[in-house]
Amino acid sequence: MTSLTSTLVRLKLSLLRNGLRQSGGRRAAFVASAVVTVLFALLQLLGLLTLRGHAHADAVAVPGTAVLALGWAVLPLVFPTGDETLDPTRLVLLPLRPGPLVRALLAASLVGTGPLFTLLVLAGCALSLAHGAAGWLCAVVAVALALLICVALARTVATANARLLSSRKGRDLAVLSGLVIAVGAQLVNFGAQQLGSAGLRPLQPVAEVLSWVPPASAVAAVRAASEGAYGIALARLAVTAAGLAVLIAGWARSLTRLMTAPDASTLQPAETGGRSRSAAGLGRLLPQGRTGTVMERSLRYLWRDPKTKAAWVTALAIGLIVPVFNAVQGTGSVYFACFAAGMLGIQMYNQFGQDTSAFWMVAATISSPRDAHAELRGRALALLLVTLPYAALVTVLTTALLGAWARLPEVLGLSFALLGAMLATGAWTSARFPYSIPQEGHKNVAPGQAGLAWISIFGGMVAAALLCSPVLTLTIWLHVSRGGEAWGWLLLPAGAAYGTGLTLAGLHLAAPRTAARLPEILTAVSKG
């Protein structure tokens, strides 16, 4: 009788092979990605091998193994549908026991370019520390254990969150994963800059701590075996093996629960009998009438819609990272704080495209420029509800890090003027250049509408910069004129008043255009 392990491995290979037969483009993309992945892994392997004999080689190899394992843990959350062939929910109706199924899924998980990449990098980490027969033998065992832990970790996380990753919250998590990658890249870049001047020595304490944390402990065991500390090497390998056993046990327990327990999403929720969430919460704090309704709808979209949430959270993160990181490194300027207002001001662009095909319900309530003005005003106020305190917070934090408190009023004034200009141009371009945002996938523009997106966003940003030129000119004049800096505090009320005026003028000009172009807007935003 054929074992379950060989059956699932052959099934995985067959699914991969049949998928590549569907089209030449898919086959070419797979081959190209595989080649690039293997080449990159080989470069990593060669780079790690150059550390052989370096006094602090373990400061790279041990933390590198931990980071690799962390990547495998995050992978199922970032790409929840990246490996559908190993989705355990597809096997719920089969009469399979957890033990054999875990072994079979673990073996099938080792098939693919991801495990091959991990194997090559782990080999580089282990071989960079291996010396002598004991070190080389320990390296073989360490690489095998570390690879199994990485794969088991990914499978455990995926199984424990299988139903979450197939729900709306899971899709939110997948969309927001780009933010995690962006923020992580900034942190890695900042750390690399700090290490560039200090060398690998600062990582040595980190490596010492991680040397007892699986799977980094397996690579640390290679160093101990090479130095003749066989007891420590065996202890670290034992810790790694124990970690693998705990992961597999947790995976089996999650798998059993997943395949036997009912899905809570299919159960009828109990009646609470209380007041509505809107009446008792957000809706009670907003203005009455259409303005408050539009504000509440916009804020709920911000919280519930994956694409809208991703755009906002990304803007919030980058708007903080750019000025603060530059200030921490001592290379920034207090005026970088305006970046926060600019990033959030972009959210005013393509307001109707964010509604996608649901915009027809909004369009049905707009019969005059007055209705359009109330709609745009509510959306702008919802954006200001988040942007104004956030821009002020980033500006205060940046000035505090740089110790430039005297510049705080003028930077706040510039931020408010820039925000007003972007609200004005965003309202106008939303009516003049609307485009659709696909709900599925990671694309933010529907096919054939990229030109509209470029004109809307970048054209509007250029116009906003030109509209801010009077406040910017006043700022420069106060700095170059004798005694002018003493009057810099006037830029705060001047910038706030100018930004408010630009916002009101932009809404007034955009309202009649919105009412007149409702059919064209509805057609444009419904294409995705």
Side-chain angles (χ1 to χ4, degrees), residues 36-74 114-151 153 184-241 243-244 328-329:
V36 171
T37 301
V38 172
L39 287 178
F40 183 71
L42 289 174
L43 289 176
Q44 297 296 312
L45 174 63
L46 293 176
L48 289 166
L49 290 179
T50 59
L51 294 175
R52 284 179 56 83
H54 194 281
H56 300 290
D58 56 333
V60 175
V62 175
T65 304
V67 170
L68 196 61
L70 180 63
W72 274 89
V74 175
L116 177 59
F117 172 85
T118 305
L119 176 63
L120 292 175
V121 175
L122 288 174
C125 292
L127 295 179
S128 65
L129 304 177
H131 298 282
W136 284 89
L137 180 61
C138 185
V140 174
V141 178
V143 169
L145 287 174
L147 178 61
L148 289 175
I149 281 187
C150 289
V151 176
L153 184 60
Q186 292 292 332
L187 293 174
V188 170
N189 178 52
F190 179 72
Q193 291 179 2
Q194 299 301 314
L195 289 175
S197 58
L200 298 176
R201 185 180 297 275
L203 287 177
Q204 199 65 46
V206 179
E208 292 296 332
V209 174
L210 293 176
S211 63
W212 293 99
V213 178
S217 54
V219 175
V222 178
R223 180 66 174 264
S226 300
E227 294 175 349
Y230 302 122
I232 295 178
L234 289 175
R236 287 173 175 170
L237 288 178
V239 168
T240 308
L244 178 60
V328 170
Q329 296 180 49

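All values reported here derive from a predicted model rather than from experimental measurement. Along the sequence shown, the residues carry numbers beginning at 1.
- With values rounded to the nearest 0.5 angstrom, Ser128 atom OG is found 9.0 Å from Arg223 atom CZ.
- The minimum heavy-atom distance linking Ala59 with Ala207 is given by the pair CA-CB, 3.9 Å.
- When all heavy atoms of Thr240 and Ala218 are compared, the closest pair comes out as OG1-N, 3.2 Å.
- The structure places CG of Leu51 at 11.5 Å from CG of Leu46, a figure rounded to the nearest 0.5 Å.
- Using modelled atom types, one side-chain atom of Ser226 and one backbone atom of His131 make a donor-acceptor pair closer than 3.5 Å.
- Looking at every heavy atom in both residues, Ile149 comes nearest to Pro214 through CD1-CB, 3.8 Å.
- Of all the heavy atoms in Ala61 and Thr65, the pair that sits closest is O-OG1, 2.9 Å.
- Only one option out of Val60, Asp58, Leu48 pairs with Leu129 in a side-chain contact (heavy atoms from CB on, under 4.5 Å); it is Asp58.
- With rounding to the nearest 0.5 Å, the separation of CG in Leu70 from SG in Cys150 is 10.0 Å.
- Panel note: side chain Ser211, backbone Ala220; no donor-acceptor pair is recorded below 3.5 Å.
- In this structure, CD1 in Ile232 is found 12.0 Å from CG in Leu237, a value given to the nearest 0.5 Å.
- When all heavy atoms are compared, the tightest approach of Leu122 to Leu147 is CD1-N, 3.6 Å.
- Put simply, CG on Leu39 and CZ on Phe117 are 11.5 Å apart, with the number rounded to the nearest 0.5 Å.
- When all heavy atoms of Arg236 and Ala224 are compared, the pair lying nearest together is NH1-CB, 4.0 Å.
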